[in-house]
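To find a chain, count down the sequence lines: A is the first, B the second, and so on, and within it residues start at 1. Because only heavy atoms are used, hydrogens play no part in the values below, and waters and symmetry mates are left out as well, while side chains stay in.
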2 protein chains.
Amino acid sequence: MPTHFQGDPAQVLALDTFIKLTRAASSVQQTLSQGCTYGDLTVSQFGALETLYHLGPMCQNELGEKLLTSPGNLSLVINNLEKQGLVRRERDSIDRRKVTVVLTETGHALIADLFPAHAAAIAAAVGVLDGAEQQLLGQLCKRLGKGQPS
Amino acid sequence: MPTHFQGDPAQVLALDTFIKLTRAASSVQQTLSQGCTYGDLTVSQFGALETLYHLGPMCQNELGEKLLTSPGNLSLVINNLEKQGLVRRERDSIDRRKVTVVLTETGHALIADLFPAHAAAIAAAVGVLDGAEQQLLGQLCKRLGKGQPS
DNA sequence: TGCTATTCTTTCGATATTGAACATTTTTAA
DNA sequence: TTAAAAATGTTCAATATCGAAAGAATAGCA
């Protein structure tokens with residue numbers, strides 16, 4: 001609904017930009033869902049597995065920060081992955097408040113199997129922009145973000 | 001997690017771009033939530049009210065397309081708005097499959113009250129980019145979208 | 001050392017979200 | 001004109017999501 005809103009031109013532009021940004025993110029997300037690149041996993045579950053796959057085991061707090069989700073939510077997502085036997089919880093023996101989440105063999109095999117097609121699907125979706133455009137988009141987006149740690 | 005993934009450079013760039021896009025959208029969304037610009041409404045509820053406010057009454061199907069959400073979801077969101085007395089359902093007398101959603105006076109007054117601060121908050125969040133950058137970002141994002149009708 | 005504040009996780013209640021099945025109504029086409 | 005197909009909403013089950021409260025464990029400080 002490109003801003004059927006009359007007012008301060010700077011605000012109109014900002015709203016329009018915001019809507020386009022939101023829609024672009026949704027749209028790519030939808031394309032991926034429809035492309036079946038998540039297997040039988042939900043988007044959240046896939047994200048958790050992928051992070052563990054690329055960065056190794058980490059405690060829930062850290063994982064939650066990387067996935068930009070609340071502790072309560074992450075707890076549920078990990079529960080559901082645990083039920084499927086894809087991850088394992090290990091209480092940290094040094095700091096017993098922490099719970100380290102570890103991929104099981106099954107989980108590792110699953111994400112290793114799914115990831116290449118997923119990456120290809122993202123590349124295809126984002127590929128409507130050429131390399132220079134993607135870099136430009138990335139830079140602009142980065143400046144909008146809060147500078148979450150990488 | 002800027003793509004701790006080794007592989008085809010084009011895929012790495014695309015993944016990185018995708019992550020930055022997703023994070024930028026989340027980040028702005030979070031800034032708005034924390035800025036209290038949604039009042040006591042959820043993001044979905046606010047979106048529905050705002051759309052009705054700017055575009056006038058419309059049937060649920062049309063509203064669902066504008067908000068990029070499923071029929072089932074929209075049905076619930078409208079239920080919750082109805083419970084709060086902010087919208088009213090009216091069965092279309094010509095095509096009796098359709099249900100037109102209309103803002104009540106209360107709903108209209110609420111969104112009219114909330115919207116200006118919301119627009120200002122968006123302008124502030126997106127305002128880290130200057131006008132030319134916003135337009136550029138908007139154009140790039142638009143090309144990533146599926147070209148949903150406006 | 002012992003109390004207090006902080007950190008990490010879980011739980012709870014409410015709402016959101018999707019996909020699928022279903023009912024109703026309209027449209028299409030035979 | 002009537003039967004099949006399509007469009008519109010609702011409902012359901014499963015998962016997600018947030019905020020707030022609660023529990024457990026550690027860290028900091030008097």
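- Taking all atoms of both residues into account, the shortest heavy-atom contact from B:Thr31 to B:Ala125 is CG2-CB, 4.5 Å.
- Between the C1' atom of C:dA14 and the CG atom of B:Leu81 lies a distance of 14 Å, rounded to the nearest Å.
- Within a 6.0 Å sphere centred on CG of B:Asp130, heavy atoms belonging to other residues, nucleotides or ligands number more than 12.
- For the pair A:Leu74 CG and C:dT11 P, the computed distance is 13 Å after rounding to whole Å.
- Comparing C:dT26, C:dT9, C:dT18 by their closest approach to the side chain of B:Arg97 singles out C:dT26.
- Nearest-nucleotide assignment on DNA chain C puts the 5′-proximal partner with B:Gln84, out of B:Gln84 and B:Pro71.
- The side chain of B:Thr42 places no N or O atom within less than 4.0 Å of a non-bridging phosphate oxygen (OP1 or OP2) of C:dT15.
- The side chain of B:Asn80 places an N or O atom within less than 4.0 Å of a non-bridging phosphate oxygen (OP1 or OP2) of C:dA16.
- The two residues B:Ala24 and A:Cys141 have their closest heavy-atom pair at CB-O, 3.4 Å.
- When each of C:dT24, C:dT11, C:dT15 is scored by its nearest atom to the side-chain atoms of B:Gln45, the top-ranked nucleotide is C:dT15.
- Atom-to-atom, CD of A:Glu65 to P of C:dT7 comes out at 11 Å; the value is rounded to the nearest Å.
- Of the candidates C:dA16, C:dT10, C:dT26, the closest approach to any side-chain atom of B:Asp95 belongs to C:dT26.
- Rounded to whole Å, atom C1' of C:dT17 lies 15 Å from atom OH of A:Tyr38.
- The ring pair (Phe, Tyr, Trp, His ring centres under 6.0 Å) test applied to A:Tyr53 returns A:His108, not counting sequence neighbours.
- Under 4.0 angstrom from either OP1 or OP2 of C:dT10 there lies at least one side-chain N or O belonging to A:Arg89.
- The interatomic distance linking A:Gln34 (CD) with C:dA20 (P) rounds to 12 Å, in whole Å.
- Contact detail for A:Val126 and B:Leu144: the closest heavy-atom pair is CA-CD2, 3.9 Å.
- Within 6.0 Å of CZ in B:Arg89 there are more than 12 heavy atoms belonging to other residues, nucleotides or ligands.
- Rounded to whole Å, the distance from CG on A:Leu63 to P on C:dC8 is 14 Å.
- Atom P of nucleotide C:dT24 and atom CZ of B:Arg91 are separated by 11 Å, given to the nearest angstrom.
- With DNA chain D read from its 5' end, the first of the two nearest nucleotides for A:Ile94 and A:Thr69 is the one closest to A:Thr69.
- Following rounding to the nearest Å, B:Glu82 (CD) and C:dT15 (C1') show an atom-to-atom distance of 16 Å.
- The two residues B:Ala120 and A:Gln11 have their closest heavy-atom pair at CA-NE2, 3.5 Å.
- Residue B:Asn73 is classed as a base contact, given a heavy-atom separation below 4.0 Å to a base.
- With a heavy-atom cut-off of 4.0 Å to chain B, the contacted part of DNA chain D has its first and last nucleotide at D:dA7 to D:dT11.
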